[in-house]
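Position 1 is the first residue of the sequence; numbering continues from there.
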Amino acid sequence: MNARQLSSVAMVAMVIATVPGCGDKPETKNPVASPACADLDKVQDPAQRAELLDKCPRQGEFKPSQQKAW
């Protein structure tokens, strides 16, 4: 084998080694911190809902940062 063939084989081997990592990954949901938090959407009682909101971490809440003047 000459140097050109060897480099071609090495490049093909590198491409083959990287391609299997490019597949679709199964969707995974974040685990719920507590089983009670999973029922948060189903709770209708305002007092019980407020109690659960205090215990459960909030996800996806947007808090804008303060405006800065540079």
Side-chain angles (χ1 to χ4, degrees):
M1 257 187 173
N2 62 17
R4 178 176 247 163
Q5 289 174 334
L6 185 60
S7 65
S8 296
V9 169
M11 263 206 297
V12 168
M14 286 190 304
V15 169
I16 290 173
T18 58
V19 169
C22 298
D24 291 331
K25 294 182 180 179
E27 266 189 54
T28 57
K29 288 189 171 187
N30 293 338
V32 177
S34 164
C37 295
D39 297 332
L40 186 61
D41 294 334
K42 300 173 189 171
V43 174
Q44 299 296 325
D45 182 30
Q48 188 177 13
R49 184 171 178 79
E51 182 181 331
L52 281 175
L53 281 173
D54 288 337
K55 293 179 183 177
C56 297
R58 295 185 174 102
Q59 294 179 349
E61 187 173 315
F62 176 73
K63 293 181 182 178
S65 59
Q66 296 176 351
Q67 295 293 328
K68 298 185 188 225
W70 297 94

What residues, two or more places apart in sequence or in another chain, satisfy side chain to side chain donor-acceptor pair (under 3.5 Å) together with Gln48?
none
In this structure, CG of Leu53 is separated from CD of Glu51 (nearest 0.5 Å) by 10.5 Å
Through direct or indirect side-chain contacts below 4.5 angstrom among Ile, Leu, Val, Met, Phe, Trp and Tyr, which residues connect to Met14?
Met11
